[in-house]
Amino acid sequence: MAFVAVALGGTAGILLLRKRFLMATVSGFSMAPTLHPGDRLLVRRVPPAAGRPGDIVVVRPDARMAGPRPRPGWVIKRLVAAPGDPVPAGVPSSTGSHVPPGRMAILGDNPDASRDSRDYGLVAHDQFVGVVVRTLHRAPRSGALVVPEVPPTADRR
């Protein structure tokens with residue numbers, strides 16, 4: 001009987017952890033040099049208000065964010081502006097000079113290889129998944145970082 005109680009308790013604990021945390025794997029070079037393809041991240045599911053500018057966050061992509069090569073999965077970027085903050089330079093906004101409630105601006109650390117708020121504008125809070133709390137596994141680094149060339153968008157020429 002004790003074994004059953006421990007097993008049920010362990011299962012409940014795992015389910016609770018899965019509800020609060022998730023793992024994400026980086027693909028692409030948009031967050032280099034901070035993150036590289038293959039890095040595995042622990043993400044804590046929190047409400048959007050818990051994200052602070054400077055945090056690395058995970059959001060669900062929408063059709064605007066998919067770009068020319070849609071991929072399954074999440075988008076991993078740095079939160080640079082929350083509601084009430086000035087809209088960062090280069091980020092299109094029809095709402096004025098400050099980020100409105102329910103929106104945020106996210107940018108990649110590597111602008112030459114990133115599709116981000118400079119391309120698709122402010123992101124809705126309902127797309128927010130969580131905040132990266134730590135890197136669980138770093139992919140092997142092979143010397144100098146070689147970033148594949150990305151054709152410039154019309155906004156960045």
Side-chain angles (χ1 to χ4, degrees), residues 11-83 85 87-88 90-95 99-156:
T11 302
I14 289 170
L15 291 174
L16 181 63
L17 284 174
R18 287 188 63 139
K19 207 169 191 178
R20 302 255 314 148
F21 293 94
L22 61 94
M23 287 183 44
T25 302
V26 176
S27 66
F29 291 92
S30 71
M31 288 300 293
T34 309
L35 301 172
H36 294 270
D39 287 354
R40 296 191 44 97
L41 311 172
L42 180 64
V43 180
R44 186 168 50 110
R45 295 178 192 262
V46 293
R52 300 281 178 251
D55 287 346
I56 297 175
V57 298
V58 175
V59 299
R60 281 181 213 84
D62 62 16
R64 299 172 307 146
M65 299 166 86
R69 297 176 309 204
R71 294 184 207 160
W74 295 301
V75 172
I76 301 169
K77 302 289 183 201
R78 190 169 302 278
L79 177 63
V80 295
D85 292 339
V87 173
V91 173
S93 173
S94 60
T95 60
V99 177
R103 298 281 179 178
M104 62 189 152
I106 57 174
L107 301 178
D109 286 359
N110 182 0
D112 292 335
S114 182
R115 282 189 40 79
D116 51 37
S117 285
R118 290 171 288 217
D119 300 297
Y120 43 73
L122 300 173
V123 177
H125 273 183
D126 64 359
Q127 293 172 249
F128 189 88
V129 175
V131 175
V132 173
V133 292
R134 72 175 294 136
T135 301
L136 296 174
H137 167 75
R138 289 232 178 246
R141 307 294 197 252
S142 58
L145 175 65
V146 178
V147 178
E149 193 168 317
V150 176
T153 65
D155 296 330
R156 294 203 208 141

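We number each residue from 1, following the sequence as shown.
For the pair Arg60 (side chain) and Gly73 (backbone), a donor-acceptor distance under 3.5 Å is absent. For Asp109 (side chain) and Ala32 (main-chain N/O), no donor-acceptor pair under 3.5 Å exists by modelled atom type. Between the side chain of Arg64 and the backbone N or O of Tyr120, at least one donor-acceptor pair lies under 3.5 Å.
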Decide side-chain contact (heavy atoms from CB on, under 4.5 Å) for Leu42 and Phe21; before the verdict, give the C-alpha distance in whole Å, the side-chain angles of both, and the deciding distance to 0.1 Å.
CA-CA 7 Å; Leu42 180 64; Phe21 293 94; 3.9 Å; yes
Asn110/Met31 under side-chain contact (heavy atoms from CB on, under 4.5 Å): CA gap, chis, key distance, verdict
CA-CA 6 Å; Asn110 182 0; Met31 288 300 293; over 6 Å; no
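Across all non-hydrogen atoms, the minimal contact from Pro37 to Gly28 is CG-O, 3.3 Å. Residues Val80 and Pro88 share a closest heavy-atom pair of CG2-CG, 3.8 Å. Between Phe128 and Pro47 the shortest heavy-atom distance is CE2-O, 3.7 Å. Of all heavy-atom pairs spanning Ala124 and Met104, the tightest one is O-CE, 3.8 Å. Taking both residues in full, the closest heavy atoms of Ala105 and Leu79 are given as O-CD1, 3.6 Å, listed atom of the first, atom of the second, then distance.
Evaluation of the salt bridge (charged side-chain N to carboxylate O under 4.0 Å, His left out) rule for Arg138 yields Asp39 as partners, not counting sequence neighbours. Residues meeting the side-chain contact (heavy atoms from CB on, under 4.5 Å) test with Arg52, sequence neighbours left out: Asp55. Under the salt bridge (charged side-chain N to carboxylate O under 4.0 Å, His left out) criterion, Arg103 pairs with no residue at all, not counting sequence neighbours.
Leu122 has its side chain within reach of Pro100: a pair of non-hydrogen atoms, C-beta onward, lies under 4.5 Å apart. Under the 4.5 Å side-chain criterion, counting only non-hydrogen atoms from C-beta, Thr25 is not in contact with His137. Contact annotation: the side chain of Val59 approaches that of Ile106 to within less than 4.5 Å [non-hydrogen atoms, C-beta and beyond]. Side-chain contact between Val57 and Val132: absent, with no pair of heavy atoms (C-beta onward) separated by less than 4.5 Å. Using a 4.5 Å heavy-atom threshold, the side chains of Ile76 and Leu35 count as touching. Considering only heavy atoms from C-beta on, Met23 comes within 4.5 Å of Leu136 through its side chain. Counting heavy atoms from C-beta outward, Gln127 and Asp62 have side chains that approach closer than 4.5 Å. Counting only heavy atoms from C-beta outward, the side chains of Val129 and Trp74 approach each other to under 4.5 Å.
The one candidate from Ser114, Ser117, Ser30 that meets the side-chain contact (heavy atoms from CB on, under 4.5 Å) condition with Leu107 is Ser117.
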